[in-house]
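To start, the structure itself, in structure tokens.
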2 protein chains.
Amino acid sequence: MQMLDSPFARKLTSFATLSHTDLNILSDLHQRRRKFAMGRDMVRQGHPNRTVYVLADGWAFSYVLLPSGARQIVDFRIPGDFLGLRSILFRRSDQNVEPITPIEASEVLASDLIDAFSKTPALAKAVLWAASRDESMVADHLVGLGRRNAAERIAHFLLELGARLRLVGLASNAGYACPLTQYHLADALGLSDVHVNRVLRQLREMGLVTFQNGRVTFDDFAALVTFADFEGDYLDHNGPARQ
Amino acid sequence: MQMLDSPFARKLTSFATLSHTDLNILSDLHQRRRKFAMGRDMVRQGHPNRTVYVLADGWAFSYVLLPSGARQIVDFRIPGDFLGLRSILFRRSDQNVEPITPIEASEVLASDLIDAFSKTPALAKAVLWAASRDESMVADHLVGLGRRNAAERIAHFLLELGARLRLVGLASNAGYACPLTQYHLADALGLSDVHVNRVLRQLREMGLVTFQNGRVTFDDFAALVTFADFEGDYLDHNGPARQ
DNA sequence: CGTCGGGTTGATAACTTTCAAATTTCGTGG
DNA sequence: CCACGAAATTTGAAAGTTATCAACCCGACG
């Protein structure tokens, strides 16, 4: 039952009470294991998308390309996350997904997933909950773009990412390994690469966080939380109600 | 069967093939019809939320309040939309919902909705599709905030709103009635009220759109679409796949 | 009337981008 | 193991966009 050790199962079970049966159905869903090379899109805007992936290892991000050539990253996906879940009901994807690192992912047929929804309510809820949490994260991201300045935005983002990674055991209060470049930050946070660089230096010189050499280090976690106005509680989002 | 005439049913049926049975289950879901006065929150951040509403008449918006006092509007809800759908699986809402106009809405118990999911797959898909579309809209909103300047942002927003309203028969290419104030635009688009006012004047003087007296008028629809770089096709999002 | 919620305008300040160029890091082939 | 080129990071200066502050206007309403 290697399933139980996967980041995916770990995440789901930490929020829902899943029976043995549920877990079996879950594990039956997983079909081929696929690898993707970094930098090459896994999902393309406007293309049909009939499969969902569960990220087992590696990071990816979903983004939109504007006609102007600008790129907006909508969110980053880390181990345990779904890829393309939102678009299973659309005939074509409305976003692109690109790996940041080499990726290992399990492929799930969209139709199988939908079928499972009526077979096991508990699993359905857990998966729906994951989808809702994703939307919630996008909304949070939106709030940051709308109402925070560059420094708060970056600080908040790094904290949020840390909180997500901690859920799957990939971060601590000290920091985490992070394969993102400053360009990724810029495109996610709606800033120019140059400005991201400057603000990052600022945060480092203030002794709050260091973003360097593929690693995020929280130099003063408490102060950073205050500075960014961060309430990490959305991650406790309480999971699907367990009646 | 007044259901069939509601904006809600109109929207769902325009995307999914629903049988008579489906429509009956749908209509059984609707319980009390409730009214809400404008300006008073219907759903409060951090409060328990065990019901979902379907907006029958009036406009509302969901927003987040930052500790700094700033307000970020996440999205506007118009007739036919769900209110609080995303949060049915969380124990408490992570956003506030406030009516802009007097509201009439049908109350649906979250648990009933979830039960219906296993009863009728077609309906479940349709509802899920609606939820996915909502998330898609939030993502689009996010892209606008991240990568468009004030004028494009406003132009794009007014077009998008128009497209949504057209789906429920409340707008045409000429324009639509719009109860929003400039403050609403500012808080939705991450701009200051003053700047919104200026840009609105600009757009009006360019002969593109007029936002005045509770009405949005497309003075030159084609030119506005070009200016805003708008592709109205996300609304065709093709609905739930109909196998 | 007087007030209050929108809306409007000008002047100034703050924040961010853009352009340009130098420096460092890192993977790959020799 | 080193050299080389590409990618990523860094810094400065100038230009642009948007926010903030401060008035003022206007129509609705008690």
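Residue numbers start from 1 in every chain, and the chains themselves are labelled A, B, ... in the order their sequence lines are given, proteins ahead of strands.
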Non-hydrogen side-chain atoms of B:L170 and B:P79 separated by less than 4.5 Å: yes

Criterion side-chain contact (heavy atoms from CB on, under 4.5 Å) on B:V64 and A:L142, from CA distance to verdict: CA-CA 10 Å; B:V64 172; A:L142 186 153; over 6 Å; no

Can you tabulate the close N/O pairs, meaning under 3.5 Å, that link protein atoms to atoms of nucleotides 11-14 of chain D?
residue	atom	partner	partner atom	Å
D:dT11	OP2	A:R201	NE	2.7
D:dG12	N7	A:R198	NH1	3.4
D:dG12	O6	A:R198	NH2	3.4
D:dA13	N6	A:R198	NH2	3.1

Aromatic ring proximity A:F157/A:F211, centre distance under 6.0 Å: no

A:R204 and A:D219 ion-paired at < 4.0 Å: no

Interatomic distance where CD belongs to B:Q202 and P belongs to C:dG10 [whole Å]: 13 Å

Heavy-atom check, side chain of B:Q72 versus side chain of B:D187, under 4.5 Å: no

Protein-nucleotide distance (A:M38, atom CE; D:dA7, atom P), rounded to Å: 11 Å

Residue whose closest nucleotide on DNA chain C lies nearer the 5' end, A:A151 versus B:Q212: B:Q212

Residues touching DNA chain D, which here means a heavy atom under 4.0 Å, drawn from residues 59-69 of chain A: none

Value in whole Å for how far the C1' atom of C:dT18 lies from CG of A:D193: 10 Å

Pairing of B:R34 and B:E104 as salt bridge, 4.0 angstrom limit: no

Electrostatic pair A:D81:A:R133 at N-O distance under 4.0 angstrom: yes

No-hydrogen, no-angle side-chain donor-acceptor test under 3.5 Å, A:T51 and A:E107: no

Name of the residue among B:Q45, B:R71, B:R44 meeting side chain to side chain donor-acceptor pair (under 3.5 Å) with B:N96: B:Q45

No-hydrogen, no-angle side-chain donor-acceptor test under 3.5 Å, A:N173 and A:R166: yes

Rounded to 10 degrees, the angle between the two terminal axes of the helix from C:dC1-D:dG30 to C:dG30-D:dC1, each from five pairs: 40°

Contact list for residues 47-73 of chain A, test ring-ring contact (aromatic ring centres under 6.0 Å, His included), sequence neighbours left out: A:F36-A:Y53, A:F61-A:Y63, A:F61-A:H184

Polar contact flag, side-chain donor to acceptor under 3.5 angstrom, A:D193-A:Q182: no

DNA chain D contacts among residues 179-190 of chain B, heavy-atom distance under 4.0 Å: B:G190

Donor-acceptor contact below 3.5 Å, side chain B:H141 vs main chain B:V74: yes

Ion pair check, B:D229 and B:R147, cut-off under 4.0 Å: no

Atom-pair distance (NE2 on A:H195; C1' on D:dA15), nearest Å: 15 Å

Nearest non-hydrogen partners of A:P99 and A:I103, listed with the distance: CB-CG1, 3.4 Å

Sugar-phosphate only, base, or nothing, as touched by A:L200 at under 4.0 Å among non-hydrogen atoms: nothing

Within the sub-3.5 Å range, which N or O atoms of nucleotides 28-30 of chain D have a protein N or O partner, and how far apart are they?
none

